[in-house]
Structure formats: C-alpha cells, structure tokens
Amino acid sequence: MNLFTELRKLVIAELGAMVEAGALPAGLDMTAVAVEPPRDPAHGDMATNAAMVLAKPAGQPPRAIAEALAARLAADPRVARAEVAGPGFLNLRLKPVVWQGLVKAVLQGGTDYGRSDIGGGAKVNVEFVSANPTGPMHVGHVRGAVVGDALSNLLAFAGWNVTREYYINDGGAQVDVLARSAYERYREANGLEPEIREGLYPGDYLIPVGEALKAKYGASLLDQPEDVWLAEVREFATEMMMQMIREDLAALGVTMDVFSSEKALYGTGQIEAAIDTLRGMDLIYEGVLEPPKGKTPEDWEPRQQTLFRSTAHGDDVDRPVQKSDGSWTYFAPDIAYHHNKVKRGFDQLIDIFGADHGGYVKRMKAAVSALSNGRVPLDIKLIQLVKLYKNGEPFKMSKRAGTFVTLRDVVEMVGADVTRFVMLTRKNDMALDFDFDKVLEQSKDNPVFYVQYANARINSVLRKARDAGVAVDDATLAGADLRLLDHAAELALIAKLAEWPRLVEVSARGNEPHRVAFYLYELASDLHGLWNRGNDEVSLRFVQEDAGTTQAKIALARAAGVVICSGLAILGVTPVEEMR
RNA sequence: GCACCCAUAGCUCAGCUGGAUAGAGCGUUGCCCUCCGAAGGCAAAGGUCGCACGUUCGAAUCGUGCUGGGUGCACCA
C-alpha cells in the first residue's frame, strides 16, 4: 500500500471529473502531476503540484485550478483538509484514520510492505565486482561488491527480475603473470628457491597454490619450459583464485548468480560474431587514429587498426578492437560479453565499475546501444574510492611491500554488517572515509549503531510487553484499536513509514541503494525522538498500564521495526535484537 | 588539449530527477539529565548551494561558459 500513489489516483480522478464537468479542457497530459511529501511537514501531509503543472496547458491561473480541485478533494473521506498555498500548491492533511490504517497495513504486509512492481518483471543484469582473478579482493572491491549486491536486492524488491553477475577477466596477460607467480611457489613447495621477479605477484596467498600444484603434479613440472606448464598452471591457479574470491564474497554476504568467463569467449567465435554484427551496421572500419591533442604519447606512431565507430553512438573518438598484429584488444571481448548479455534477453544492463574506469563508460554504452539497436539501456555506476582511517589517522597500506588491506581483513575487523552499512552511507560517486574505530562506536554519531539501536529498542519494548502478559504477535497488533494512536508525534512517525514504498521506488528507479541507508537513519531518528519524548510524557511510552493501549502503541513500534528490518534486508545487513 | 566525476553551514555529507523559508550529524553556544525508557535530551547561532549568464510560473537540481579538485585518455586488461 502506497499512500502517495493512492492519493495521486484520487487527484487524477478528480481532475478527470473536472474535465467531464467542463471545468478543464479535455486531453490534458497528467503525467507530470505528482503527489509528494512536502518539504516542510507544517504544510501538510502531502502536496500536489497539479494546478501549477496544468495551468499553462489548461489556460487557467494555477490558483483557480487549485481552488476547484481542493473543494473536490476535501470531500474524500480520507482528506481532512485541502488548502491552496504559495504559487498554487495544494496541501492535503489526511485524517488520523488513514495513518492508523497504514499501521495495520504494515503489520499485515510484514516485510512485503513497500514491495513494488514498478520493475514489471523486467530482466536486469547487474554486473559487479569482476575483480581480476589474480589475488584476494581488497578494500577497493568491497564497496563495489556491497553497492552491487544492495542494488540487486533493491531492484528485486521493486519488481525487477535480477541477475547478479561476475565477469572473470581470465583471458588477458595478467593471468599469465599469475601462472608464472604460482609456478615459482610451486618450485618453492618442491624445496627450490622461488624467483619472484619484478612484475610477478609476490603475495603469500600464492604459497598454498604452489603446494596444491605440488600435490597434483609432484615434481613433473620442474625444469620444464614454460609452454609445457603455462596453460595448465594458469587454469589451476585461476580456479583457486576464483574459489578464494567466492569465499571472500560469501564472507561479505554476496552470492553471484552467474560467473562469466572472458577466456570462454575466445575460440568460440563469439568475439568474431559480435564484431561482425557491428560490421554489418557499418560500424567497423580500418583506419588510423589521430593522436590525442595536447598530450601526444612519446612513442606515438600512426597505426592502421580495426576500429569501432563508437562516435556514431555518442563516444568522443572511435576505439580500436584489433591490435596492429591482428589480435583482439581488451575491448573486443568486452563488446562480445555485453553482446552476450543482450542476446540472453536482458531488458536492462547495469555495470558497476571503479571510478578509475570512467573512461570506458562512453564506449561501453556505445557498444550496447549499437548491439541492441538502442533497445537495452546500460547504466554504469562508478564507485569512488574508500579512504581507510584508524582512529582518525589515515591508515597506510603499502602495495609495494605486498601488504594491502583485504576484504577479509575488513570483515574480520568490523564484521560484514557494519561494513555493508557504512559502504552505503555515501552516494556511489562520492569518496568515502572508512574509520575502523568510528564505525564500531556506540553513539548517535554512528549511523550503523543508531539504526540497529532503534531496532533493538523496538524489540526490547516488545519483550517487555510480552513479559507483562500482553499479546504482541503481529495478528493481534493488527487488530488492536489503533484509534488510540492519535498524538501528533505518533502520527508523524507513521507518516515516515508511509514514505517507505515511495522511497523504494525512487531509489530503484535511480539505481541508488544509498538512499535506503539514509532513509533508515531518518526513520531511526524519528523513532528515537518519540522514545525520548516518552521520558517526559508517560502517555507516549509504548508500554502502558492498559493492555489495549499498550497493544496500539506497540503496533506502531512493531510497524517501525518491520520497515527497519525490510530496509536492512535490502542493504544486506542483519538486524540485531539487542545491543551487547 | 579532450572526456567523465565532484564542489551545498567551520567539518563530514543528504537533498526524493524542476517546487514553497535548502536539511542532518559533528563542532560551537546556552539550558536540562546522571532516571537501565542506558550507551544523553532540548534549543540557538551558523548558507551568495564554487562563479556568471540562460531556459520558465519556479533552478542547489536543466543548458552554456568559466574557476578549483579528482580520474582517465591509440597495439596494457
């Protein structure tokens, strides 16, 4: 139940009636008519811009339309007051019974309250993480993983058919480097001195890989030329890395639906097919690129290359898909991979990239636009970096020494729940500070704690009522006499709960899961505020002398708890019942 | 040189896709509390939304041009 869409229906219906009555011209476009929460609650519970939006096409002054509409809306049993304000806003005040009914609806809906069907079952593919399978995931990957997973949860909740996907970059030179690095560890496992040359991966995490290679191959690969062992070791090491990455993701609570392999695109004609598809659209040609103006690379020399005419689809320059020796560039399999996603029938694609890949956005969108004839939109979310702090001091990590903070380190230090919540407390394109101490602080300054504490308080009050012998199961609470919830502070909290379905839709439409985290913080704040007022005004406490009143109050608390749990579920955070 | 991202209170950040007097936390100032309904509460001060034009009933939000910061810029993935 979304009160805003219901009231919008009412507004549209009354506008239609005004057309019928000849008060408005026929054929008006109503799509811009919105019913929203007003910025200032003093203005009312809801506001509509209908009169202002329609003034010009209807050829009438906005206030005149607003006055006429107000008179009609005021007759609805749900509307307590309809007032024209400002340039033509129409502010609505709802009757308490509407809010009381909402509490009941929340309790009956449970965590399905707020679920939406705006996605219409459309198939959306969310590609995220896609870290190179050459080592453990580090903090840089964590944020992308959390955002992608939470976004997937959000879209699923809003009615999309979501596929979470990880693209394994196992086709390029970096997995050869992995194989060579693992081979040295294999030699080490056989009692030889490893030669970790410059350019190889020095990390200790390859030691177990070396040992596993020894267990499988014994000494048979020793002193063999590279072309004998490279392919086998590469596959073996890549598989072990992916195993590790899967476990790391699991530790963070992330489960992928599909792992797609870059290597699998080679030798199957898929790359050729994708390029041929583009060629058939006259988007592939042989040519020589101009050097970038202002900054010509030292070793620049004109080269004849196979180019993708990405400029035909909004890119700034055309992009090479084949090197001068005829082999594919990295971009070619990326095109084939996205072609593959389009062919699998997705209606929408979302890629989550690190901000350092911002340069690829236009060419990737160009490729998808061309390959799908503009049918499939591709949204690319760029994730800004995470700066680590420890007690307010920058937390240094040295890549050169091979000591970097891994995903596993973060999860072990602060837990998956805290990690996930904090990663969503900023818009994806804003840099985020992550302080190992502050995120664990038990105070109002810490949004994670603040939201969890709200839920704990709700559970605490439920326990207390139960101990006092009051039935507080959801069915009983839904049947309580909710008319007892009539205090302005209580109705205000309900109004906040009424925003939840709308917030889900807005967040999903914009692919912005962080909004959920901010909403939960606000909801927690309202809950704490009401709780604090109970310190002075006993009548606002949740547990009362009289069982019926207690049930009504607890129904509100429980409804708030339902929404908090629902929101936390989207973030992938486990609600806590007690603060300990 | 070009492209993309960012710029909002002293600090860290929201701002629901164009709405009303731009919000929150921290910090500051002033009261209150020290009660496990505990891990504080209430209130106040604090703003040229980087700058300048433009679009319209209306702009932090859209467009153009600047300023400052970040990222990336042909056979590396």
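Chain A is the first sequence line, chain B the second, and so forth, proteins listed ahead of strands; every chain is numbered from 1.
At a threshold of 4.0 angstrom between heavy atoms, the contacts of A:E262 are confined to the sugar-phosphate backbone, with no base atom among them. Counting non-hydrogen atoms under 4.0 angstrom, A:E499 reaches nothing in the nucleic acid. Among the atoms of the strands shown, none is found under 4.0 Å from any heavy atom of A:Y450. Residue-level contact check: A:A34 touches neither bases nor backbone, having no heavy atom under 4.0 Å from any strand. A:R319 comes within 4.0 angstrom of nothing in the nucleic acid, heavy atoms only. Using a 4.0 Å heavy-atom distance criterion, A:A355 is classed as a sugar-phosphate-only contact. Residue contacts shown for A:Q174 are limited to sugar-phosphate atoms, with no base heavy atom under 4.0 Å away. As judged by a 4.0 angstrom heavy-atom cut-off over every strand, A:G510 is placed among the base-contacting residues. Residue contacts shown for A:M579 include a base, since a base heavy atom lies under 4.0 Å away. Nucleic acid contact class of A:R509 (heavy atoms, under 4.0 Å, all strands): none. Within 4.0 Å of A:Y453, counting heavy atoms only, lies at least one base atom of the nucleic acid. Residue contacts shown for A:K464 include a base, since a base heavy atom lies under 4.0 Å away. Across all strands shown, A:S324 has heavy atoms under 4.0 Å from base atoms, whether or not it also approaches the sugar-phosphate. Here A:V543 lies in heavy-atom contact (under 4.0 Å) with a base.
When only modelled atom types and interatomic distance are considered, A:S327 and A:D325 share a side-chain donor-acceptor pair under 3.5 Å.
Distance A:D40 CG to B:G19 P: 16 Å, rounded to the nearest Å. Between the P atom of B:G15 and the CG atom of A:N428 lies a distance of 10 Å, rounded to the nearest Å. The CG-P distance, from A:D429 to B:U61, rounds to 16 Å in whole Å. Taking atom CD1 on A:I65 and atom P on B:C57, their separation rounds to 14 Å, with Å as the unit. The nearest whole Å value for the distance from the CH2 atom in A:W531 to the P atom in B:C35 is 18 Å. Straight-line distance from the OH atom of A:Y360 to the P atom of B:C5: 17 Å, rounded to whole Å. Distance A:D435 CG to B:C13 P: 13 Å, rounded to the nearest Å. Distance A:L92 CG to B:A20 P: 17 Å, rounded to the nearest Å.
To the nearest whole angstrom, the two C1' atoms, one in B:G15 and one in B:U61, are 9 Å apart. Taking atom C1' on both B:U48 and B:A22, the two are 13 Å apart, rounded to the nearest angstrom. Across B:G47 and B:A39, the matching C1' atoms stand 34 Å from one another, rounded to whole Å.
Ring geometry for A:H141 against A:H138 counts as tilted: the plane angle lies between 30° and 60°, on a 0 to 90° scale.
Checking each of A:Y266, A:Y166, A:Y330, A:Y167 against A:Y337 for a ring-ring contact (aromatic ring centres under 6.0 Å, His included) leaves exactly one that passes, namely A:Y167. The only option from A:K365, A:K341, A:K381 that meets the salt bridge (charged side-chain N to carboxylate O under 4.0 Å, His left out) definition with A:D351 turns out to be A:K341.
Classified by its glycosidic torsion, B:U67 falls in the anti category, the angle being over 90° from 0.
The A:R426 side chain lies nearest to B:C13 when the options are B:G15, B:U71, B:C13. The side chain of A:Y521 approaches B:A24 more closely than any other nucleotide in the set B:A24, B:C57, B:A7. Of the candidates B:A3, B:C16, B:C13, B:C13 carries the atom nearest the A:F518 side chain, counting heavy atoms from C-beta on.
The nucleotide B:C62 finds its pairing partner in B:G54, both defining distances of the Watson-Crick or G-U wobble pair being shorter than 3.5 Å.
For A:Y519 and A:Y521, the ring centers sit 6.0 Å or farther from each other.
In this structure, A:R319 fails the cation-pi test against A:F331, since its NZ or CZ atom is not both closer than 6.0 Å to the six-membered ring centre and inside 45 degrees of the ring normal. Relative to the ring axis of A:F308, A:R363 does not place its NZ or CZ within 45° and under 6.0 Å from the centre.
B:G72 has no stacking from A:H357 on its base ring, since the centres under 5.5 angstrom apart and planes within 30 degrees of parallel are not both found.
You'll find a donor-acceptor pair under 3.5 Å spanning the side chain of A:N91 and the base of B:A20, going by distance alone.
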